[in-house]
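Only one structure is covered here, and it is reproduced in the block below.
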Amino acid sequence: MNKLTYLWSSLLLLFVFDGMAQTFTPLLKNGVFRPMSDVSYEAKLTVSGNNLYFVGRDGTSGVELWRTDGTPEGTRLVKDITPGPSSGSSAPTSLFDANGTLYFFAGTGLYKTDGSEAGTVLIRNFSDIGGANLLFYNGLVIFKVLGGLWRTDGTPEGTFQLARRADAPKVFNGILYFNTASGPTYQETDLFRSDGTVTGTSLVRQLPGTLQTWGVGVDGLYLTFFYSVTKQWSTWKSDGTTAGTVLFGPATTTSQPAYFNAFGDLYQRPIAAGIQPTSRQNRTTETFEPVTPTPSPEVLRDEYSVRFNGQLYGPANSATTGVELSQLDGTPVRDLNPGPAYGIAFVKPAVANGLLYFSGDDGTMGLELWQTDGTAMGTRLVGELTPGATGSNPFNLTTFRGEVYFDTRDGTLWKLSPAQSSSSPLSLLPPNYDCNSGGLNLQVSGGSGSPVEYRVAGLRDWSASADFTIPYWQRAGTTFTLEARQHGQVVSRLFTSECSLARFTNPELGGSLDAVLYPNPVGEQFDVSVKGARGKAVRFTVVNLTGRALVEQKHIIETDQHTETVRMPAGAPAGIYLLQISTGQQLKTLKVVKQ
């Protein structure tokens, strides 16, 4: 670390633009720093619980896990896992938050921590780590190691392998799905489903070809394959059952569309370079509709883009402006570095207090921290941390407690305290909610600019993280109390989870029809008691959340009170279903939860 960095470690840098002060605070001191050679993508800044975690190096402990609460005095080593200054080979990677607990790999071990030294424990050692794609699923952390798919509940005995070979998993309708190469020459693909247990992991179907792309839609999985034996491409759609895994159009010798998820939606576009016609699945009709204007493929890569003021922003390339911060259709916010030169780094921007922050280059100062309100006039430099054309090169931009944290080229971890543009009272906005994954993101407006904490009763207690996960059995029709607090002031609002059930829960048509559900002790079935339908032809229909009928039974009711046993189809995944009871003139809709 050079003299300038050491000097800044004891100073606060104050930059003033348009009369609004923004303060830069260096958080690392006493020789601790984050050189770019130690900070890989897998060791990025990660918010978990009440801390921001990072990988730091000092002359005593080497490369280890650190945390901060946002103050220099609250920035400290979590645990010296490999004692001594030469622990680079066991540097922590794959930092991952699982509902307030941080998981990470160090050396060949999987660890978890609550931020304290005593609470940092080894879960299991492996002979080789390799790539570890982590996913939080129903209280479990799913990860890939030793070429196989593993799960852990945070205990050694609850950590075991689900499959010997597996690609990155996905979740649909509360069930985990993954695929493995199969067949004599590994030219086929096996699609599996799992509830996170060995006995609950089963083959859905073997499909011809090697998997090219796959995504999760509102009505199932969409997968594209290339089969080298016949030189054919094919697209398949699966609802998670063997019978429901079918060809989605005929196989062809020309490439099929790519399917991918971005910002909670499923997209479809040709497998080709550059800007291509793109469609997005409508969450209500389930059809694919063209996105106009045609979106930039770079902005749809959520590792480099963010949602800001209802729009997507990220780096996009054009022949006239080069790579600049752009909206979804590729329109630059501003040609920051005039001409075809790069005006923005491929670093994910951060959003804080009504502004978007990014690593930009105007062609004279190198990469520095910039801010924008989404307009060219509102795009300006925040501060020049490294004078001259080299630039400080901000990366790993992360929002924590309403402030922006980032690394710079010289190994310094910085905190930017943005100016508060408004002194309006703190309030909770309608949350962002994804029914398929259960992801719930709380949002606030106003306030003093100080750190905000969030709580949802029944999900998690107070924490700096605004992200929650709703269990699949509560993802439709459950009311939660959302809370946020700042300086002791608590604001709240009610939120009822919905999964587009309005298409199926029609207003009841009156009359005396009544029905009550209760469980049947025999296997995959339930009983329903019906009153007020004597002498009428009654139809009992079970539909899933996409509107697809799974079961239909119909006959004339002979008594005043009738008990009907309805059997769920074999292999129906856990989740929410609807039972529709109809006499033609009357309709009753009940919610069924299969666990």
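Scanning both residues, Ser234 and Leu247, for their nearest heavy atoms gives CB-CD2, 3.8 Å. Of all heavy-atom pairs spanning Gly215 and Asn261, the tightest one is CA-OD1, 3.3 Å. Across all their heavy atoms, Phe225 and Gly209 have their closest contact at CD2-O, 3.7 Å. When all heavy atoms of Leu397 and Ala350 are compared, the pair lying nearest together is CB-CB, 4.0 Å. Heavy atoms only, all atoms of each residue included: Pro295 and Ile275 are closest at O-CG2, 3.9 Å. Closest non-hydrogen pair, Ser194 versus Thr201, comes out as OG-OG1, 2.7 Å.
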Query raised in the report: Going through the checks in order, is the side chain to side chain contact (heavy atoms under 4.5 Å, CB included) test met by Phe468 and Arg460?
Result: CA-CA 8 Å; Phe468 297 79; Arg460 194 185 67 228; 3.3 Å; yes
Query raised in the report: Where do Val351 and Tyr357 land on the side chain to side chain contact (heavy atoms under 4.5 Å, CB included) test, with the steps shown first?
Result: CA-CA 6 Å; Val351 176; Tyr357 293 84; over 6 Å; no
Report task. Verify side chain to side chain contact (heavy atoms under 4.5 Å, CB included) between Trp150 and Arg124, making sure each step is shown before the conclusion. Result -> CA-CA 11 Å; Trp150 291 66; Arg124 179 182 173 128; 3.4 Å; yes
**Report entry** Trp414/Thr408 under side-chain hydrogen bond (donor to acceptor under 3.5 Å, both in side chains): CA gap, chis, key distance, verdict
**Finding:** CA-CA 8 Å; Trp414 291 91; Thr408 50; 3.3 Å; yes
Requested in this report: Apply side chain to side chain contact (heavy atoms under 4.5 Å, CB included) to Val47 and Asp97, showing your working.
Outcome: CA-CA 7 Å; Val47 177; Asp97 171 59; over 6 Å; no
Report task. Mind running salt bridge (charged side-chain N to carboxylate O under 4.0 Å, His left out) on Asp219 and Lys237 for me, showing each step along the way? Result -> CA-CA 9 Å; Asp219 55 344; Lys237 178 182 174 184; 2.7 Å; yes
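Taking CG from Leu459 and CG from Asn99, the interatomic distance works out to 8.0 Å, rounded to the nearest 0.5 Å. Atom CZ in Phe96 sits 14.5 Å away from atom OH in Tyr53 (nearest 0.5 Å). In this structure, the separation between OH on Tyr259 and OG on Ser279 is 9.0 Å, given to the nearest 0.5 Å. Summarising the geometry, atom CG belonging to Leu191 is positioned 7.0 Å from atom CG belonging to Asn179; distances are rounded to the nearest 0.5 Å. Asp114 contributes atom CG, which lies 6.5 Å from atom OG1 of Thr120 (distance to the nearest 0.5 angstrom). Taken to the nearest 0.5 Å, the CG atom of Asp153 stands 8.5 Å off from the CD1 atom of Ile123.
Counting only heavy atoms from C-beta outward, the side chains of Leu134 and Ser94 approach each other to under 4.5 Å. At a threshold of 4.5 Å between non-hydrogen side-chain atoms, the residues Leu65 and Leu102 count as touching. Annotation: side chain of Glu188 is not in contact with side chain of Thr210 (no heavy-atom distance under 4.5 Å). Residues Phe346 and Glu303 fail the side-chain proximity criterion, which asks for heavy atoms closer than 4.5 Å. Under the 4.5 Å side-chain criterion, counting only non-hydrogen atoms from C-beta, Val347 is not in contact with Phe358. At a threshold of 4.5 Å between non-hydrogen side-chain atoms, the residues Arg401 and Asn50 count as touching. A heavy-atom distance below 4.5 Å is not found between the side chains of Phe248 and Trp236. Considering only heavy atoms from C-beta on, Thr101 comes within 4.5 Å of Lys112 through its side chain.
For Thr152, the side chain to side chain donor-acceptor pair (under 3.5 Å) partners at least two apart in sequence or on another chain are Thr159. Here Arg269 pairs with Phe260, Gln276, Thr278, Pro297 under the side chain to side chain contact (heavy atoms under 4.5 Å, CB included) rule; sequence neighbours left out. Scanning for side chain to side chain donor-acceptor pair (under 3.5 Å) contacts around Ser326 gives an empty result, with sequence neighbours left out.
Ring geometry, Trp66 versus Phe54: the interplanar angle falls under 30°, so the pair is classed parallel (tilted spans 30 to 60°). Relative orientation of the Phe480 and Phe495 rings is parallel, given thresholds of 30° and 60° on the angle between their planes. Under the 30°/60° scheme for interplanar angles, the aromatic rings of Phe104 and Tyr111 are found to lie parallel.
For Thr224 and Thr213, the side-chain atoms include at least one donor-acceptor pair closer than 3.5 Å. Neither side chain, Gln232 nor Tyr227, offers a donor N or O lying under 3.5 Å from an acceptor on the other. For the residue pair Gln206/Ser182, the side-chain donor-acceptor check at 3.5 Å is satisfied. A donor-acceptor contact closer than 3.5 angstrom is absent between the side chains of Ser463 and Ser465. Judged purely by distance below 3.5 Å, without hydrogens or angles, the side chains of Asp58 and Thr60 never pair a donor atom with an acceptor atom. Side chains of Gln256 and Thr252: a donor-acceptor N/O pair is present below 3.5 angstrom, by distance only. With hydrogens and angles left out, the side-chain atoms of Tyr267 and Arg280 include a donor and acceptor closer than 3.5 Å.
At least one test fails for Arg151 against the ring of Phe143: distance under 6.0 Å to the centre or angle within 45° of the axis.
One N or O on the side chain of Thr108 and one on the backbone of Phe126 form a donor-acceptor pair closer than 3.5 Å. With hydrogens and angles ignored, the 3.5 Å screen pairs no side-chain donor or acceptor of Arg67 with any backbone N or O of Val78. At least one donor-acceptor pair closer than 3.5 Å links the side chain of Ser497 to the backbone N or O of Gln474. Ser228 places no side-chain N or O within 3.5 Å of a backbone atom of Lys231 that could act as its donor or acceptor partner. Between the Lys415 side chain and the Glu403 main chain, no donor and acceptor come within less than 3.5 Å of each other. Listed for the Glu453 side chain is no donor-acceptor partner under 3.5 Å among the backbone atoms of Trp462. Side-chain atoms of Glu298 do not come within 3.5 Å of backbone N or O of Ser296 as any donor-acceptor pair. No side-chain donor-acceptor contact under 3.5 Å links Arg193 to the backbone of Ser202.
Lys44 pairs in a side chain to side chain contact (heavy atoms under 4.5 Å, CB included) with only one of the listed residues (Asn396, Asp407, Thr93, Thr398), which is Asn396.
Trp214 has its ring centre no less than 6.0 Å from the ring centre of Tyr177.
Salt bridge absent: Arg307 and Asp302 never bring a charged side-chain N and a carboxylate O closer than 4.0 Å.
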